[in-house]
Amino acid sequence: MQTDELLSHFDKQAAGYDKQWAELAAMRNAKLLLLEGVFAELPADARVLCVGVGTGIEIAHLAKKHPGWSFTAVDPSKGMLDVCRQRAVDDGFADRCEFHEGFLDSHESEHLHDAATCFLVSQFILDKAQRVDFFREIGKRLAPGGLLASSDLSADIHSAEYEVLLRLWMRLMSAGGISEEGIERLRKAYANDVAVLAPDEVASIIEQAGFDRPVEFYRAGLIHAWCSKWPR
């Protein structure tokens with residue numbers, strides 16, 4: 001899937017995206033709970049960069065917990081960013097947000113950030129060198145010692161276990177209300193449009209970008225999440 005097709009796909013899904021995945025919210029909420037621990041020592045006035053923010057669920061969660069934090073929301077999908085912006089208005093934290101429609105490398109700011117989130121984004125970068133560059137761009141926007149929390153679909157697709165895990169994952173998607181047509185689209189996307197790499201490979205990519213060695217802090221099915229620090 002080309003970039004324009006991918007953006008069109010997310011634009012079309014934006015309005016109903018949260019409802020579509022509502023049955024699987026327990027996985028997302030568990031990750032957000034653990035994210036609180038990852039970010040527990042950030043300052044009371046922390047700046048947080050949210051890359052590929054989508055509908056803004058993680059910002060809403062963090063904004064509620066930390067009234068002194070400010071956020072930079074970056075997403076190339078206008079539809080997704082519009083939903084995120086409306087969520088911020090409805091929940092009363094829009095005045096603490098900067099919204100940027102575009103890819104990360106097109107965003108410039110005079111401020112460095114204390115932390116960044118990047119959830120289920122880098123998996124869409126099929127070229128490994130470009131994926132390293134993507135994480136390096138995040139690091140450039142962090143203050144020394146800044147924290148990164150990222151997640152991606154991850155598995156050793158060449159292992160015997162992968163086929164078992166993939167079947168279980170698709171059953172979970174189906175139980176969550178995804179249609180048979182949607183399941184088939186996911187299967188094709190995982191094979192052609194998503195770079196599903198082994199956890200060690202993803203961690204290595206983040207480390208090659210200049211971060212300290214990532215530590216996995218969450219795993220649920222095919223979703224893995226890591227935390228790491230930008231060196232001082």
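When reading the values below, keep in mind they use all heavy atoms of this one structure, side chains included, and skip hydrogens, waters and symmetry mates.
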Test His111 against Ser70 for side-chain contact (heavy atoms from CB on, under 4.5 Å), laying out the working first.
CA-CA 11 Å; His111 303 292; Ser70 58; over 6 Å; no

Flag the pair [X] and [Y] as a salt bridge only when some basic side-chain nitrogen lies within less than 4.0 angstrom of an acidic carboxylate oxygen.
| X | Y | result |
| --- | --- | --- |
| Glu207 | Arg213 | yes |
| Glu201 | Lys128 | yes |
| Arg87 | Asp90 | no |

Answer yes or no: is there a side-chain heavy-atom contact under 4.5 Å between [X] and [Y]?
| X | Y | answer |
| --- | --- | --- |
| Ile57 | Arg28 | yes |
| Phe99 | Cys84 | yes |
| Phe103 | Asp75 | no |
| Leu153 | Ile223 | yes |
| Asn29 | Leu33 | no |
| Phe135 | Val51 | no |
| Asp193 | Phe124 | no |
| Leu165 | Leu222 | yes |

Side chain to side chain donor-acceptor pair (under 3.5 Å) assessment of Glu98 paired with His107
CA-CA 11 Å; Glu98 172 193 349; His107 176 263; 2.9 Å; yes

Identify the heavy atoms of [X] and [Y] that sit nearest to each other, and give their distance.
| X | Y | answer |
| --- | --- | --- |
| Ala63 | Arg96 | O-NH2, 3.1 Å |
| Ala46 | Asp114 | CA-OD2, 3.3 Å |
| Arg47 | Leu112 | CD-O, 3.5 Å |
| Glu101 | Lys78 | OE2-CB, 3.5 Å |
| Phe211 | Pro231 | CA-CD, 4.3 Å |
| Cys50 | Phe71 | SG-CD2, 4.5 Å |

Can you measure from [atom1] ([X]) to [atom2] ([Y]) and round to the nearest 0.5 angstrom?
| X | Y | atom1 | atom2 | answer |
| --- | --- | --- | --- | --- |
| Ile205 | Ile125 | CD1 | CD1 | 9.0 Å |
| Asp91 | Gln86 | CG | CD | 10.0 Å |
| Thr117 | Leu148 | OG1 | CG | 8.5 Å |
| Lys229 | Asp212 | NZ | CG | 7.0 Å |
| Phe39 | Cys227 | CZ | SG | 9.0 Å |
| Ser150 | Phe134 | OG | CZ | 9.0 Å |

Between [X] and [Y], is there a shared hydrophobic cluster once you connect ILVMFWY residues whose side-chain heavy atoms come closer than 4.5 Å?
| X | Y | result |
| --- | --- | --- |
| Val194 | Ile157 | yes |
| Phe93 | Leu81 | yes |
| Trp169 | Phe119 | yes |
| Leu49 | Leu120 | no |
| Ile59 | Leu147 | yes |

Residue pair Tyr218, Ser151: steps toward the side-chain contact (heavy atoms from CB on, under 4.5 Å) verdict
CA-CA 9 Å; Tyr218 171 86; Ser151 70; 5.9 Å; no

Does His113 reach the main-chain N or O of Arg141 with its side chain, forming a donor-acceptor pair under 3.5 Å?
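Flag set: sc His113 to bb Arg141 pair under 3.5 Å.
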
How would you list, by chain and number, every residue that makes a side-chain contact (heavy atoms from CB on, under 4.5 Å) with Val202, sequence neighbours excluded?
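Val202: side-chain contact (heavy atoms from CB on, under 4.5 Å) contacts with Arg131, Asp152, Ser154, Leu197, Ile206, Trp226.
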
Modelled atom types, side-chain donor and acceptor of Thr72 and His100, under 3.5 Å:
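Checked: Thr72/His100 side chains show no N/O donor-acceptor pair below 3.5 Å.
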
Applying side-chain contact (heavy atoms from CB on, under 4.5 Å), run through Trp230 and Ile138 and close with a yes or a no.
CA-CA 9 Å; Trp230 191 246; Ile138 295 177; over 6 Å; no

Can you list the steps and then say if Tyr190 with Leu166 is a side-chain contact (heavy atoms from CB on, under 4.5 Å)?
CA-CA 10 Å; Tyr190 289 3; Leu166 183 61; 3.8 Å; yes

